[in-house]
Every structure is written in C-alpha cells, then in structure tokens.
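By convention in this document, chain letters (A, B, ...) are assigned in the order of the sequence lines, proteins followed by strands, and residues within each chain are numbered from 1.
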Amino acid sequence: MRANTWAGRNKVEVRDVPDPKILNSRDAIVRITSTAICGSDLHLVDGYVPTMQDGDVMGHEFMGEVIEVGPSVSAERLRVGDRVVVPFPIACGACAACAAELYSCCENSNPNAGIAEKMFGHPVAGIFGYSHLTGGFAGGQAQYARVPFADVGPLKIESELTDEQVLFLSDILPTGYMGAEMCDIRPTDVVAVWGAGPVGQFAMDSARVLGAAQVIAIDKEPYRLRMAAEAGHTPVNFEEVDVRSRLLELTGGRGPDKCIDAVGMEASHGSAHIHAYDRIKQAVRSETERPHALRQAILSCRSGGVVSVIGVYGGFLDKFPAGAWMNRSLTLRTGQCHVQRYMKPLLERIERGEFDPTRIITHTLPLDEAERGFEMFKNKQDNCEKVVLKP
Amino acid sequence: MELTAVTTIRKPAPEVYAFWRDLENLPTFMAHLEAVRATGDRTSHWVAGAPFGQNVEWDAEIVDETPAEKIGWRSTGKADVPNAGTVRFVPAPDGVSTEVHVVLTYEIPGGTLGKAVAKYFGEEPHQQLDDDLRRLKQVLEAGEVVRSDGAPWGKRARAEFPQRPAQPLSDDELAKGADR
C-alpha cells in the first residue's frame, strides 16, 4: 500500500509499504477513505519529538471502512463493512485509566511504556503514527491501517454525514472541545484562545457552544484570524498589537476569565529577541519547548481563572511564570485528549448542527501529495488551515 | 542480585493469584523464560531462553504459599543460576484492583555464564522485571501482550530498541517471527 512516512527531520515521503495485518485478537483493519495532517505531525517532522525512525508511517486522524476484524472483536461492536472514525489514542478499555475515561493515559496500549515512563514519570497510551515513545504504531496517512483494541475506540457512523463532517472526531474536534470543557465555562466568561490553527478554531467554537459570553482568537496569520472572525470570534493579531493591552481593553481591565493554549511547543513570539531566546535554547536542546503562548496565557488570565493547555508539549520548558500562577490563584489544566470520551456526544452535536467541522478545511489532496500538503501547512502557504488527504 | 517490582492490576486478587499459580503462564509475560512445566503440585521445571547464550534450565519448588495472597518458590538441586522468588497479591485501596509485589533473587555465578547473565540484565536490571509486570497487566486486563509495528514481538520490545520502523510487517517478517 501507499503510506506517508517520516524520512528524517523536515522530510516526509510517500512510499510503498506492506499492507497491515491483524497482530492482536482485538485488532481491526480499516481501509482509509479520509485522513488529515495535524499540527502535531509538524512537531514530529520538525524533529522535536524523540524516537521517530526513518520509515515510520505518520498520521493519527483517519476514518474508513472496516475490512477485517480479529477473532476477539464481537460482531455487535464492530463488523466488516462498518464505517468508522478512529480516535488517535489507542486504549484497552479495561485498565484503571480507561475505567476513569482517561483514555490517552491507557496503561496497556503502549508496548514501549518503559521508554515513555523514563521521559514522563509514568507511561502514556499508544498513539497512531506518533513516534516510538507512544508505541511505534503505524499511522493513518495510508491506504490501510491496523487498529488495535478495535472493540473500544472506533466510532461507527451510521448516518449520511460526509467524511469531512466527521473525520475530525478522530482528534482535533474533541481536543478543542476538551480544551474548552476544562475551562468550566460560565455564561459571563470571556475565553481567550491562543492559536487559530485547526484545534484553536474548534476550541473557540466549543467555548461558544458551552456558553461563553465572548471568545477571543490570538494569532499572527491574518487568514486564520479572518477565519475565526467569520465564525464570530474576536481576532487579536499579536504581531500588530500588544496582546496583554488588547486583552485588558477587551475585558474592562479584568483579563480573560479562561485562557486556552492551543499552540504548544513551537510558538512564535511577537518580540524577536524573546523568540530568539527560546529558539536558541531549543536548538541546543537545553529547553525542548518555546512556551510563549503558555507564558502569555498565564500572565493574561484573570485572577482565579483557568489556563487550559491542549497545545502539545513534549519535554521541559524554561521561565515558567510560577509566581503569577500561584499568587493569582490560577488553575492549570491539561491533557492529551481522551477522544473516546467525546466522540459520541460530539457526533450528536454535529448532527444537531451545533458544529460545522468542515469550515476549517482549506485543502483536499491525494495521499500521494502528502509532502506538498505538509509543506503548505507548515509554511502557511496558500492560506492553508487544514489538509485532508484522500488515499 | 535482588530485583523488586510492583504493579497494580484491575482484577481481584484470587484471579491474579490463580493466573500466577499456574506457573506455565509465566513465560507469556516474563521475557527471560522460554517455558515452565509443572512436574508436580508444587514442583516445576524452568527453561530460560536464548538471551543467556545457552539454555539454562532448573527445577523449582513452591516453598511458601497462601492462596490469593502469596507464592514463594526457589530453585532446587544444582541450578546453574540458583534463584528464588516471592510474589504477594495485595488488594488495592480502590476495592477492585490488586497490587502485585515481586521479589526475585539470583545467585550470579562466576565464569562465562555469570558474565552472560550480567550482560543480559544490563545496566538496569530492574527494568526487565518492570516490563515483565507491565506485560502481566496487559495479559490480565487486555487479554494478551500488546504488539505494535515498531515492537511486534511482545517480550522482545526492549531488547530490540531502536526498533523496526512503525510500518506494517511484510509477510516474510511475519513468517520469520521473533526468531530472526
């Protein structure tokens, strides 16, 4: 089959690889009809996530048709021919983490848990196409994928919704939603979202759906801010204005009640010398993150507020504003999304028209053009917001 | 050498105990074991595998046992690597899970065999046992040892790092299996 693979730092390559087979009895094989490039794929390609290997099949946002199931998958749960969206965390459904619906912390799905444990203190779940630290599972930017624990994760789509309407239930819609949910939004809340990429856009939409009074979008790309504005959110361009001043102005001097970091480890900073400080530390590996968005969110948030982190961090960061966090009674909440928890309720919200996930899709390409898709997405060419690939 | 490890498994103590007490189950999750065969109610024959460079075999007997709580065993006769072990099954505070506490002791011999054993355990001997218990947890909670494309052979995941790429295995690789 054809598959998009990691070919070293800053390089992806669509190659011929073997077709996947059932390896565990609870596996299924899915013929992929739609898959997408995620912002977190860029962290892998940019070389900020360790334990990638040449030839790793990338991709963790995919859906398709079940063409084979392992002997332990019950027919009531899943059968050949079912149309499914596959959540990016691989979860066994039986451990204490899964029982607590903390699927991205599944204690059994990562065969390389020992390595993850060294890095993170405790292991994390397996993830499709997302380094060997999260298991070494082939990803979904391919014609076919093996889906472990297929009796737990995949969501059956039984309505007539298009791939484009449901594909993002695999990751970014639940991720954005969890970012907003962690904010415990009240009707009087102003919610500020750092990053108007796909996850940021969905965090904004989710904040609105959960009843926020106002949602603010912070980014530097005019087209991304325009996209947020068209969806009814208030744009702030951090290259044009001082973010803190603008947020104070928009909130009567209080600061946003809730702040969401939808940027993560590769942030840019409006001030060149501050960006350079972290970029250099990152380049010499004395810091793995460029946490500008997180720092600014903490400093901007209203006292007693919540800072919700859904942007991806992988290691260690520097100059964490612990004083602001502690002295102003801020709550910091975070997590890789527990996608399985949100898929069904969010599917229902899509069916009711509360979300239009298609609004962020700017490019649809054949799988064989994945390299061009990565290039456009990374360099924000041609107003690229979200690339969907068709195998 | 004494190794200790602990894990919590979301199954009641009698069930976890029963699985361990059937000693023939041990090779499904313990990396160094090729086979364990029960030779009597309390006696068994153990075979440790290829990483030692030579098949190491010994007889063992259960010397201490409280159902659902504890199993203690030790090698008997002239074992190449005299060893003993204890596993305790302790109900966890959540009321559904069981803490599994393991202690293994090995008398590492001199000579070539001793060197092979030391090399096998490497710089982090505890890691091996930690990984063994992780697989025990997978078997009991999830039904089997989890395999990925990068680490397709279960027990050998750690030994094979850096791994094969995270892309599907070819028919040849699958046919050859773990013994490449």
Output, in order, the C-alpha distance, side-chain angles, deciding distance and verdict of side chain to side chain contact (heavy atoms under 4.5 Å, CB included) for Q53(A) and Q167(B). CA-CA 10 Å; Q53(A) 289 183 211; Q167(B) 62 171 247; over 6 Å; no
Could you please spell out the steps behind the side chain to side chain contact (heavy atoms under 4.5 Å, CB included) verdict for N112(A) and Q163(B)? CA-CA 10 Å; N112(A) 297 327; Q163(B) 307 180 331; 2.5 Å; yes
Does the pair L169(B) and L23(A) meet the rule for a side chain to side chain contact (heavy atoms under 4.5 Å, CB included), with working shown? CA-CA 10 Å; L169(B) 286 84; L23(A) 293 181; 4.2 Å; yes
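At a 4.5 Å heavy-atom cutoff, S97(B) makes no contact with chain A through either its backbone or its side chain. Of the atoms belonging to V96(B), not a single heavy atom falls under 4.5 Å from chain A. Contact annotation for D94(B): neither backbone nor side-chain heavy atoms come within less than 4.5 Å of a heavy atom of chain A. Looking at L174(B), only its side chain comes within 4.5 Å of chain A, counting heavy atoms on both sides.
Comparing N24(A), D56(A), T5(A), V17(A) by heavy-atom pairs within less than 4.5 Å of chain B, the highest count is held by N24(A). Heavy-atom pairs under 4.5 Å with chain B peak, among A145(A), A3(A), S25(A), at S25(A).
Judged by distance alone, the side chain of D149(B) and the main-chain N or O of F137(A) form no donor-acceptor pair under 3.5 Å.
To the nearest 0.5 angstrom, R10(B) atom CZ is 9.5 Å from C92(A) atom SG.
For E117(A) and R134(B), the salt-bridge test passes: some basic side-chain N is under 4.0 Å from an acidic carboxylate O.
In summary, the side chains of N108(A) and E141(B) do present a donor paired with an acceptor at a separation below 3.5 Å, with no hydrogens or angles considered.
In terms of heavy-atom proximity, M1(A) sits nearest to P168(B) at CE-CG, 3.7 Å.
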